[in-house]
Amino acid sequence: MTLIILFPIIILIFSYIYDIFLGEPPLKIHPVVILGKIIDFTSIYFRKISQKRIAGLLFLLFIIILYVIPSAILFLIFRLNNPYAILIYLLISIYILKSTFSVKSMHDHILKIIHALELNNIDMARRSTSLVVRRSTENMTPGLYHRPL
């Protein structure tokens, strides 16, 4: 068994370790935030296209290309078959995979909800819950705050 077969497992394990100990990367360098900003900036131009289906298709292709280019660059780095290139590949892959989940952040948000409920501070529980769920928390009754937990 070659070491290459273990790379996905190594990347997954170290991404999880990264998340547990360091949490979310700063927003300035968070891949999801960067892609979101690029999409927000470029979507203005796609909305100007009168044919909505064509605009949607072009926008979809643009988003796919946004993901394919970094993947292709990573693949080319990996193909260099140089120990430093492989290390760079692993580090970037760990960072990118880590950006797709947030165990530590969710844990921290849940602890804030629990703390607010222990203090019987419903307003603080509502604000903290709004960071975990998508629905409005303004009219939630105290019993509903346990559901995200």
Side-chain angles (χ1 to χ4, degrees), residues 1-118 124-138 140 144-149:
M1 180 195 293
T2 63
L3 187 60
I4 293 173
I5 294 173
L6 297 176
F7 278 7
I9 296 168
I10 292 168
I11 292 167
L12 179 62
I13 290 170
F14 279 95
S15 294
Y16 184 76
I17 290 169
Y18 178 110
D19 182 73
I20 295 301
F21 288 105
L22 300 175
E24 290 298 309
L27 294 180
K28 287 183 179 180
I29 59 171
H30 198 295
V32 174
V33 173
I34 292 169
L35 286 172
K37 287 180 180 182
I38 292 170
I39 289 169
D40 283 346
F41 178 74
T42 56
S43 67
I44 296 165
Y45 300 105
F46 289 103
R47 288 187 183 137
K48 291 180 180 179
I49 299 172
S50 60
Q51 297 291 325
K52 297 301 176 195
R53 287 184 186 229
I54 293 173
L57 180 62
L58 291 173
F59 190 59
L60 175 65
L61 290 173
F62 175 73
I63 292 170
I64 290 170
I65 290 169
L66 276 179
Y67 283 93
V68 168
I69 290 173
S71 299
I73 292 170
L74 274 178
F75 180 74
L76 292 174
I77 289 171
F78 180 73
R79 295 283 306 208
L80 293 175
N81 208 14
N82 173 317
Y84 295 113
I86 292 172
L87 179 63
I88 290 169
Y89 167 81
L90 286 172
L91 292 174
I92 293 172
S93 297
I94 289 167
Y95 183 74
I96 291 172
L97 179 61
K98 187 274 151 273
S99 72
T100 64
F101 59 89
S102 55
V103 176
K104 184 179 187 309
S105 177
M106 183 62 74
H107 178 264
D108 295 344
H109 289 307
I110 296 298
L111 286 180
K112 289 177 184 173
I113 298 169
I114 292 170
H115 179 69
L117 291 173
E118 289 172 346
M124 185 191 315
R126 282 187 178 123
R127 284 191 305 274
S128 298
T129 302
S130 72
L131 299 172
V132 177
V133 299
R134 288 186 178 188
R135 63 184 175 272
S136 172
T137 59
E138 291 177 16
M140 286 181 106
L144 294 177
Y145 292 101
H146 295 279
R147 288 190 178 170
L149 307 177

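Quick note: residue numbers are just sequence positions, from 1.
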Fill in: Reported NZ-to-CZ distance for the pair K112 and R127, which is rounded to 0.5 angstrom
11.0 Å
Worksheet item: Taking the six-membered ring of F101 as reference, does the NZ or CZ atom of K98 fall below 6.0 Å from its centre and within a 45° cone about the axis?
Response: yes
Discussion item. Is it the case that atom NZ in K28 sees more than 12 heavy atoms from other parts of the structure closer than 6.0 Å?
Written reply: no
Worksheet item: Should F59 and I39 count as side-chain neighbours, where that means a heavy-atom distance under 4.5 Å?
Response: yes
Practice prompt. Write down the atom of Y89, the atom of L74, and the distance for their closest heavy-atom approach.
Written response: CD1-O, 3.4 Å
Worksheet item: If you measure from CD1 on I34 to CG on L66, what distance do you get to the nearest 0.5 Å?
Response: 11.5 Å
Worksheet item: Would a 4.5 Å heavy-atom cut-off, applied to side chains only, mark Y67 and I96 as touching?
Response: no
Worksheet item: For the residue pair A116 and A125, what are the closest heavy atoms and their distance?
Response: CB-N, 3.4 Å
Worksheet entry | Closest non-hydrogen atom pair between L97 and I11, with its separation | CD2-CG2, 3.9 Å
Practice prompt. Hey, can you tell me if Y18 and Y95 have their rings parallel, tilted or perpendicular (30° and 60° cut-offs)?
Written response: perpendicular
Worksheet item: Minimum heavy-atom separation for K52 to R47, with atom names?
Response: NZ-O, 3.2 Å
Worksheet item: Would the number of heavy atoms belonging to other residues, nucleotides or ligands and lying under 6.0 Å from OH of Y16 be above 12?
Response: no
Discussion item. Nearest 0.5 Å, please: how far is OG in S71 from CG in L76?
Written reply: 11.0 Å
Worksheet item: Stepwise, does the side chain to side chain contact (heavy atoms under 4.5 Å, CB included) test hold for I38 with F62?
Response: CA-CA 10 Å; I38 292 170; F62 175 73; 3.9 Å; yes
Worksheet item: Rounded to the nearest 0.5 Å, what separation is found between the CD1 atom of I94 and the CZ atom of F7?
Response: 10.0 Å
Worksheet item: Looking only at heavy atoms, what is the nearest atom pair of D40 and I44, with distance?
Response: O-CG1, 3.8 Å
Worksheet item: Do K104 and D19 meet the salt-bridge criterion of a basic N to acidic O distance under 4.0 Å?
Response: no
Worksheet item: Which value, rounded to the nearest 0.5 Å, describes the distance between I88 atom CD1 and I73 atom CD1?
Response: 12.5 Å
Worksheet, complete the sentence: Rounded to the nearest 0.5 Å, the CG atom of L12 sits from the CD1 atom of I17 at a distance of 10.0 Å
Worksheet entry | Flag side-chain contact, heavy atom, 4.5 Å: I113 against L117 | yes
